[in-house]
Amino acid sequence: MNLDTAVQYLMGVGPVMAKKLQTLGITTIGDLLYYFPFRYQDFSEIRPISHIKIGQNNCLAGTIKAIQTSRSWQKKVAVTEALVSDQTGSIRAVWFNQPFLSKNLQIGDFVCLAGLVKLGKKDIFLSSPIYEKMSSENELTSLGRLVPVYNETPGITSRFLRNLIKPLLDQTKSQLKEFLPAQVSQANNFLPLGQALQQIHFPETLALAEQAKQQFVFEELFLVELSVLQARLKLAQQKAPAIVLNAELMKKFTNSLSFTLTDAQRKCAWQILKDMEKPCPMSRLLEGDVGSGKTVVAIMAALNSVKAGWQVALMAPTEILAKQHFYQAAILLRSFKVRIALLTGKEDQIISQKLGWQTKDGWRPETIEISRNKILERCKKGDIDLLIGTHTLIQDKVKFNKLGLVVVDEQHRFGIAQRAKLCQASKSGQLLLPHLLSMTATPIPRTLALTIFGDLDLSLIDEMPKGRKEIITKVIAPSERKQAYQFIRQQVKGDNRVFVICPRVEGQTPPQLGAGSDPTRWNEAKAGKVEYEKLSQEVFPELKVGMLHGKMKPKEKEKIMRDFKLGKIEVLVATTVIEVGVDIPKATVMMVEGAERFGLAQLHQLRGRVGRADQQSYCFLFTESASSQTRQRISAIIKAKNGFELAEKDLAIRGPGSLIGKKQWGLPDLVMANLTNLALVEKTRETAKQILRQSPSLKNYPILAFKVKIFEKQLHLE
């Protein structure tokens with residue numbers, strides 16, 4: 001038996017219980033040892049029976065003098081009663097609907113009991129106490145001590161886990177290998193690993209439990225920091241095209257724009273373009289609030305790359321956003337003869353060599369549909385400069401002749417292996433990795449930037465375009481709903497557009513809700529189809545109401561968005577399919593139904609779909625929840641001036657899972673719970689830097705190097 005042994009081979013487990021343990025992420029003995037309790041019950045004081053207190057939880061030890069099971073007078077409930085005595089007195093213990101206790105507990109057994117002491121009609125008694133048989137108090141696992149309480153699942157109780165874990169702590173002690181460098185353990189006064197595991201599961205005191213917990217938090221954060229910092233070092237050793245900044249070209253591009261770049265945009269563009277001049281791959285995250293103009297900065301980097309003879313790939317998370325980037329790039333680059341194609345998996349297009357046409361809404365590029373194979377062929381030959389699409393771009397069939405830059409929108413983790421997949425070796429056989437620019441409208445708090453995104457350089461657009469007005473955000477009470485509808489009518493009369501967002505399309509099965517949303521109230525959530533019928537038939541029969549959701553076909557979605565932009569649809573009922581990237585300048589009202597079901601980051605993204613021109617815009621939040629957390633979150637989004645401020649509040653209120661997604665990253669619970677601790681994050685990062693200065697490949701620390709490799713498999717880091 002070792003740490004890699006499957007738990008099903010433990011006594012008392014077997015295949016059935018092993019499947020249940022698997023739902024908790026426990027498949028091996030090592031997983032079991034690192035499945036830590038989330039709290040402790042204090043049953044450390046064993047009181048004499050004569051000193052027990054009525055109305056309180058008491059822990060006592062004694063001998064069973066009598067035990068029997070009978071039926072209540074209604075003959076429906078089994079009642080088991082035991083008389084327990086010590087040297088100071090006796091007390092009854094009473095259990096309901098547990099007749100098996102008459103077999104488990106026998107007269108003469110020495111037991112420890114803990115539970116609430118109640119006053120009955122005739123005497124006092126222990127009500128449904130938990131129990132543990134023992135021959136001495138030193139053998140106790142669940143009572144007579146600080147008792148660990150674990151997250152449970154049907155069929156797996158804390159008692160069952162305690163009974164599995166306690167003997168393993170001694171049995172596996174010799175197999176535990178200290179992986180932290182000795183100087184790190186000494187500098188932080190850490191316990192030996194076996195002792196730390198003992199104290200976190202079965203602590204002598206709460207202080208020792210906390211000390212052990214902080215040690216494991218440090219260890220896991222330390223492994224994360226080593227992972228991202230090593231990735232940074234590996235990237236610096238790779239080769240990339242050195243793309244020289246063409247200042248004249250950039251000046252010509254900015255002069256062609258119908259607006260003036262903000263100082264923040266200029267600064268970020270400079271950082272990116274200068275970074276791409278280096279012969280090692282850029283790996284940069286461009287952060288900017290919704291509507292701050294990240295795409296223009298990315299297009300500048302793309303244009304500079306294309307005119308230097310390199311191809312560019314731009315990936316977006318959805319087809320709607322990919323198409324929007326496609327048209328926006330065509331408009332911005334129309335004077336620069338850049339060959340652009342769209343590849344989404346369902347509908348592929350390429351920009352014609354013609355100039356396009358003029359409409360009342362401005363210049364529109366002319367596009368032609370082309371077969372996927374032709375696009376792939378042209379891309380491989382180098383006849384396409386900028387290929388835009390969803391993540392179909394990283395399929396094996398997509399090949400570039402000379403890829404210099406990859407731009408990834410709202411997808412932060414894009415590693416060396418994925419970049420290499422898009423490349424072909426140069427004539428010399430040397431693989432040149434393209435530069436990487438990731439973009440996000442979800443600002444990253446400092447603690448997250450130092451850990452999960454620690455291998456990326458950050459560029460920050462912390463300034464909004466001039467002329468943008470602050471979006472007025474209000475919570476609308478049920479009694480004010482009619483007034484809100486009247487306000488919407490006035491907005492539409494002024495040739496403006498209105499979004500109405502619903503948490504779901506139809507039916508009772510929820511999709512993946514925003515982090516922190518309340519799934520117990522899901523059945524009450526407004527369905528988009530129901531709301532569409534209500535608004536179009538009852539509330540706004542005189543207005544043109546449309547509907548958009550993720551189940552629609554791409555062409556259908558595109559037509560609806562085009563009609564909405566042109567005014568053929570005035571009020572659009574939608575799900576969060578419009579959360580990211582959709583740009584409708586005339587949209588001035590965002591109305592969100594069931595606001596409590598969305599995360600703060602989601603609400604901020606939704607709010608960012610309005611206020612994209614110079615008109616005053618509004619965000620109306622409808623909620624029926626009166627919980628304190630809902631009030632706290634809604635208050636945060638009303639007060640927050642920007643996404644950066646809101647991200648910090650979101651992190652403080654609900655933790656990092658709301659910003660990065662616990663399942664998406666696979667981070668251990670202890671790391672997730674402590675990512676708000678900036679001092680600890682900075683300390684572990686500095687410690688990781690010191691170790692890597694001594695041994696960049698961790699050659700001097702083989703056990704630590706092995707641990708890092710295993711740890712990286714749990715995370716989505718490359």
Kindly indicate whether the side chain of Leu126, heavy atoms from C-beta on, has any atom under 4.5 Å from the side chain of Leu60.
yes
Chi angles and distances behind the salt bridge (charged side-chain N to carboxylate O under 4.0 Å, His left out) call for Asp457, Arg232:
CA-CA 10 Å; Asp457 292 307; Arg232 213 177 170 90; 2.4 Å; yes
Decide whether His201 and Tyr150 meet the rule of one side-chain donor and one side-chain acceptor closer than 3.5 Å.
yes
Under 4.0 Å between a Lys/Arg side-chain N and an Asp/Glu carboxylate O for Arg693 and Glu686?
yes
Close side-chain approach of Phe96 to Ser128, heavy-atom, < 4.5 Å:
yes
Would you mind reporting whether Thr27 and Val7 have side-chain heavy atoms less than 4.5 Å apart?
no
Do you see a donor-acceptor pair shorter than 3.5 Å between the side chains of Gln211 and Gln215?
no
Do Asn104 and Lys133 have side-chain N/O donor and acceptor atoms under 3.5 Å apart?
no
Shortest non-hydrogen contact from Leu193 to Glu219?
CD1-OE2, 4.3 Å
Evaluate Glu132 against Lys166 for salt bridge (charged side-chain N to carboxylate O under 4.0 Å, His left out), listing each step before the verdict.
CA-CA 14 Å; Glu132 188 172 355; Lys166 190 170 186 184; over 6 Å; no
Using modelled atom types only, decide if a donor and an acceptor are shared between the side chain of Asp86 and the backbone of Ile49 within a distance under 3.5 Å.
yes
Any chance the side chains of Thr63 and Ser85 put a donor and an acceptor closer than 3.5 Å?
no
Polar contact flag, side-chain donor to acceptor under 3.5 angstrom, Gln68-Glu81:
no
Mind listing the closest non-hydrogen atom pair of Ser283 and Leu456 along with its distance?
OG-CD2, 3.0 Å
Are Ser158 and Glu152 close enough that a side-chain donor and a side-chain acceptor fall under 3.5 Å?
yes
Check whether any side-chain heavy atom of Gln56 sits under 4.5 Å from a side-chain heavy atom of Val117, and report yes or no.
no
I'd like to check Asn58 versus Lys53 (side-chain heavy atoms, cut-off strictly below 4.5 Å). Are they in contact?
yes
State, with a plain yes or no, whether a side-chain heavy atom of Met17 is found less than 4.5 Å away from one of Gln22.
no
Establish, yes or no, whether the cationic atom of Lys213 lies under 6.0 Å from the six-membered ring centre of Phe36 and within 45° of the ring axis.
no
Within-4.5 Å side-chain heavy-atom neighbours: Leu436 and Pro281:
no
In this structure, are over 12 heavy atoms from other groups packed under 6.0 Å from Gln87 atom CD?
no
Is there a donor-acceptor contact under 3.5 Å from the side chain of Asp109 to the main chain of Gln106?
yes
Can any side-chain N or O of Ser695 pair as donor or acceptor with the backbone N or O of Leu692 at less than 3.5 Å?
no
Smallest heavy-atom separation, Pro129 atom then Trp95 atom, equals O-NE1, 2.7 Å
Between Gln694 and Asn700, the two heavy atoms sitting closest are O-ND2, 3.8 Å
Answer yes or no for Arg162 and Tyr40: cation-pi contact, defined as NZ/CZ to six-membered ring centre under 6.0 Å and angle to ring axis within 45°.
no
Ile64 and Leu105 have their tightest heavy-atom pair at CD1-CB, 3.7 Å
Any idea which heavy atoms bring Gln41 and Arg39 closest together, and the distance?
CG-NH1, 3.7 Å
Is Lys707 positioned over the aromatic face of Tyr34, cation under 6.0 angstrom from the ring centre and no more than 45 degrees off axis?
yes
Tell me if the aromatic rings of Phe190 and Phe218 count as close, with their centers under 6.0 Å from one another.
yes
For the CZ atom on Phe38, are there more than 12 heavy atoms of other groups (residues, nucleotides or ligands in this structure) within a distance under 6.0 Å?
yes
Contact between Leu113 and Ile130 at the side-chain level, heavy atoms closer than 4.5 Å - yes or no?
no
